[in-house]
Amino acid sequence: MDYNFREIEKKWQNQWVKDKTYEVKVDNSKPKFYVLDMFPYPSGAGLHVGHPLGYIASDIYSRYKRLKGFNVLHPMGYDSYGLPAEQYAIQTGQHPAVTTEKNINRYREQLDKIGFSYDWSREVRTCEPNYYKWTQWAFIQMFNHYYDFERQCARPISELVEKFEREDAEWKSLTEAQKSERLMQYRIAYLADTKVNWCPALGTVLANDEVSEGLSVRGGFPVEQKVMRQWSLRVSAYAERLLRGLETVDWTESLKETQRNWIGRSEGAEMYFPVKDKDVELEIFTTRADTVFGVTFMVLAPESQYVDMITTAEQRGAVDEYLAMVKKRTERERISDRRVTGVFTGAYAINPLTKAEIPVYVSDYVLAGYGTGAIMAVPAHDSRDYAFAKHFDLPIIPLIEGADVSEESYDAKEGKVINSGFLNGMEVKAAIAEMKRYITENGLGRVKVNYRLRDAIFSRQRYWGEPFPVYYKEGVTCVLDESKLPLLLPEIKEFKPTADGRPPLGHAENWVTEEGYPIELNTMPGFAGSSAYYLRYMDPHNTEALVGKEADEYWRQVDLYVGGTEHATGHLIYSRFWNKFLYDLGLVCEEEPYKKLVNQGMIQGRSNFVYRFIGKGATGNLFISYNLINNPEYKDCTQPIHVDVNIVNNDILDINAFRAWNPEYKDAQFVFADGSSTLDADNPYLGKPSEQQYICGYAVEKMSKSMYNVVNPDNVVEKYGADTLRLYEMFLGPLEQSKPWDTKGIDGVSRFLRKMWKLYADDNGWIIDNAEPTPEMMKALHKTIEKVAWDIENFSFNTTIPAFMVCVNELTSLKCHSRKVLEPLAVIIAPYAPHLAEELWHACGNTTTVCDAKFPEVDKKWLVEDTVKQPVAINGKVKDTIDIAAGASQADVREAAFTALSKKGLMEGKNIVKEIIIPGKMVNFVVK
RNA sequence: GCCCGGAUGGUGGAAUCGGUAGACACGAAGGACUUAAAAUCCUUUGGCCAUUGCGGCUGUGCGGGUUCAAGUCCCGCUCCGGGUACCA
């Protein structure tokens, strides 16, 4: 009876569906555990072997927890709104809903083959009305709330209106439109003129985390800065709580650090610098209050409102010219060109401490979006100010004893302060504190905490996203009544922006409310739908609420979240923000959505190359084996060409498949690894001699179609089976580590599963008996139980597989066919290889599913060793190994060790200085 | 530049609390079975030396240090990967 994985896997997958094995319900009699994968965007390319890595890990964990008696919620769904489907629609006219549906079906088909324990009855799709209803609903709540900084939580905007009516005389005289505009400054979802990242190629704005180095993350198109009226979410209001919350979650230190940097809290002071002859005070932010005595000039961001206010008539022309130049530059140009530029405004500010008159400049090294958009420049102790001062020949005053500022600035916050009046002689840190006290007391400024974290731009000029439940009524921005949700995405014929430059929804007919008011044309960004999906899984069919009270109070939060690090500054910030907002409203009971987070590494592609001979005027397709390309005969005469990894096996090229792969290569000729060639008249390629191999080169690259290195999990499942794929992906290396996909070792894993099968079955059928197991067998089993449990709980899945291999080898050599060993063995391997485990579990005579078995407890009595081999060393050098009885006393161990060494004549005439005796581990005699 | 990781055989990687480095797997070499191949099984496999003396030396990127004992801890480098970037 052979291990027919195709038949077994299909059989059990069908059975699980039929029995609804993985469906879960709220069950207060059991402890809950919520395991979540970051749901995928269903792209047209389908899944490659990299995608399932995290899914397999979380599936192992889920299955393990279930065996341990937990009620495990393990759902899956699709982040199905997004750019690629829309770009595809623009090119082909194919409706994004159609492409998305097709891609989802393909994903599902691929996922099903791998044997995951998802509860598919809870599937969510962000593009479905009964899902995005709740995205729109949350938006309405954000619109209707403001952030109360004193109480540090979101409050209904009606409270603010009441307050204005009570306390603000002006309020009553405002028109409805003016009131609306004023409230926008407080709402958590608000409309404002914002400087945005505009991507002309995509025709939309992008959030900060969607832009990298001046290019869009999706597509890599240039991005420019533009002021537009856009919806934003006041994420920055939650900066402090987002930062503090990190202390309460079990994430990797590096990921928390990335978020801390992104939030970018810095403590400093805000100060005012009066402008000479003008009724203007420049407000600046600094973390180096101690350096005020060294301020020799000031700089404004080009977008700063101060620029207009203080520029003198003589300098007006030069300033306008500079502003025009800055405006023309794209974000990318600004980043790549770091030359010092700037212009004098003609105005002078007064240093509030030295009373010196200092010039005010405009330069784009000062950012409008951070602090106040204006800085006090301290060239001696800030490298950017230093470069500016050198360029414009401005004075540089050193403020720290011994700092040499003739060549570069001294940026470190240490040393003794000089040239600074009452601060002289203090250490920098003390001086900062002293100056903060001074400016507060003298009304020169105040202590202030600044954050780098920006509000999230929430509008996209796209079609394939959630429509805003927003309409415009005579200059007043309104949200729809909740009862009108969902606001369905209208059908349109063209997915491009309109001819007059409005977003695609401008094509929609009758895009107005019942009363005829126009509805918002923008749609929500990708992160809208993914921000609260984990809550919806808890209660996916609830029509009354995003998540019902009972479901929320039972499932609470995600206990284990598995996904890639690429979401560190996007999804994982937005999602935490969204959850905190809902928490403030009393709608969810946990403030942090993800308790533990594990990042799986990326699976990179391993590309293969063939080497075409191009030197010496060669024409046609002659390929040289990789091991020969550096031979003098071929050196520098070959050109590497990507070859499809699916026709290469262990770097050996399948010649015939290669000739068939691309018509261009149908007459390809080869020089083989041994130097023989298909061109040799007496040595024609016959198709199989093993020494006549063509060896390909390789490189580790991103897995992508254009590199021909994409490996599809379906092919692996077809060839080796789902259980082998699952085991092998784990065996590849530590979960968090990035590694290239390489099928070299997959045979070993596949062999192991066949060996395991043979423990239960031979040619005639099952060979399981009821014999009483020997202590050796029990030891092999319990050693493995202990190891498997430890490994899974510590996410060390890669080291479990060797433990299984050793166990099966031991049981094989012990000829163990006892049910009392094989049955628990099937259970402990079930998280890793569920199909095989299910088959073996039933072979042991069970009729229920292995998923409902109990994970066996370790019986330590089998693990106690009678004797322990223990090294004995002299001066740390191991000289001998002794057998000692388990639990032997320190004195006994010493005696045995000394006798053993004496017998070898090693202790003769030695003077023992010190003895280190650790029973069971090590004995060391230190001698002279 | 700054922040965070990492570096162990031909390869992927083990070593969980400072206690015999190289588990397990791949690859390679040799052998058994076979007309042959596949599959399967057995042996060897960090390096150097000795292999009729069963062992010796060396060894975890480099240089120091702590310790009876260091892949593991400390200090200083080199290289590689990731994040971030005029954040005042």
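Sequence lines set the chain letters: A, B, ... in the order given, protein chains first and strands last, and positions in each chain run from 1.
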Figure out the OH/C1' separation between A:Y386 and B:C86, and round it to whole Å. 18 Å
Using a cut-off of 4.0 Å on non-hydrogen atoms, how would the nucleic acid contact of A:V806 be classed: base, sugar-phosphate, or nothing? sugar-phosphate
Going by side-chain hydrogen bond (donor to acceptor under 3.5 Å, both in side chains), name the pairs with one or both residues in residues 728-742 of chain A, residues two or more places apart or in two chains. A:R606-A:D742
Do any pairs count as a salt bridge (charged side-chain N to carboxylate O under 4.0 Å, His left out) and have a residue in residues 287-299 of chain A, sequence neighbours left out, and if so which ones? A:R288-A:D290
How would you list, by chain and number, every residue that makes a ring-ring contact (aromatic ring centres under 6.0 Å, His included) with A:Y451, sequence neighbours excluded? none
Among residues two or more places apart or on two chains, list those pairs meeting salt bridge (charged side-chain N to carboxylate O under 4.0 Å, His left out) that have a residue in residues 779-806 of chain A. A:K779-A:E865, A:K783-A:E810, A:E786-A:K860, A:K787-A:D791
Could you tell me whether A:F388 and A:F297 have their ring centroids closer than 6.0 angstrom? yes
Qualifying salt bridge (charged side-chain N to carboxylate O under 4.0 Å, His left out) pairs, either residue in residues 251-273 of chain A, two or more places apart: A:E240-A:R265, A:E253-A:R260, A:E257-A:R260, A:R265-A:E267, A:E270-A:R446, A:E270-A:K448
Check the distance between B:A25's P and A:L753's CG and give it to me in whole angstrom. 13 Å
Do any N or O atoms of the protein come closer than 3.5 Å to N or O atoms of nucleotides 67-73 of chain B, and which pairs are they?
unit_1: B:C68; atom_1: OP1; unit_2: A:K914; atom_2: NZ; d: 3.0
unit_1: B:C68; atom_1: O2'; unit_2: A:G876; atom_2: N; d: 3.4
unit_1: B:C68; atom_1: O2'; unit_2: A:N924; atom_2: ND2; d: 3.2
unit_1: B:C68; atom_1: O2; unit_2: A:N924; atom_2: ND2; d: 2.1

For nucleotides 36-45 of chain B, give me every protein contact, N/O to N/O, under 3.5 Å, one pair per line with atom names.
unit_1: B:U40; atom_1: OP1; unit_2: A:R754; atom_2: NH2; d: 3.1

What's the closest nucleotide to the A:W262 side chain, out of B:C87, B:A25, B:U84? B:U84
What nucleic acid atoms does A:S383 come within less than 4.0 Å of, heavy atoms only: base, sugar-phosphate, or nothing? nothing
By the salt bridge (charged side-chain N to carboxylate O under 4.0 Å, His left out) test, which pairs, at least two apart or in different chains, include something from residues 367-389 of chain A? A:D382-A:R384
Name the stems that RNA chain B belongs to, where each is three or more consecutive Watson-Crick or G-U pairs with both distances under 3.5 Å? B:1-7 with B:78-84, B:10-12 with B:24-26, B:27-32 with B:40-45, B:46-49 with B:55-58, B:61-65 with B:73-77
Each nucleotide of nucleotides 2-16 of chain B classed B (base within 4.0 Å of a protein heavy atom), S (only sugar-phosphate) or -, in 5' to 3' order, makes -SS-------BSS-B
By ring-ring contact (aromatic ring centres under 6.0 Å, His included) - contacts of A:Y64 (at least two apart): A:F855
From NZ of A:K256 over to C1' of B:G83, roughly how many Å is that when rounded to an integer? 18 Å
Separation of atom NE2 in A:H381 from atom P in B:A88, rounded to whole Å: 17 Å
Mind checking ring-ring contact (aromatic ring centres under 6.0 Å, His included) for A:F285 and listing every partner two or more places apart, or none if nothing turns up? none
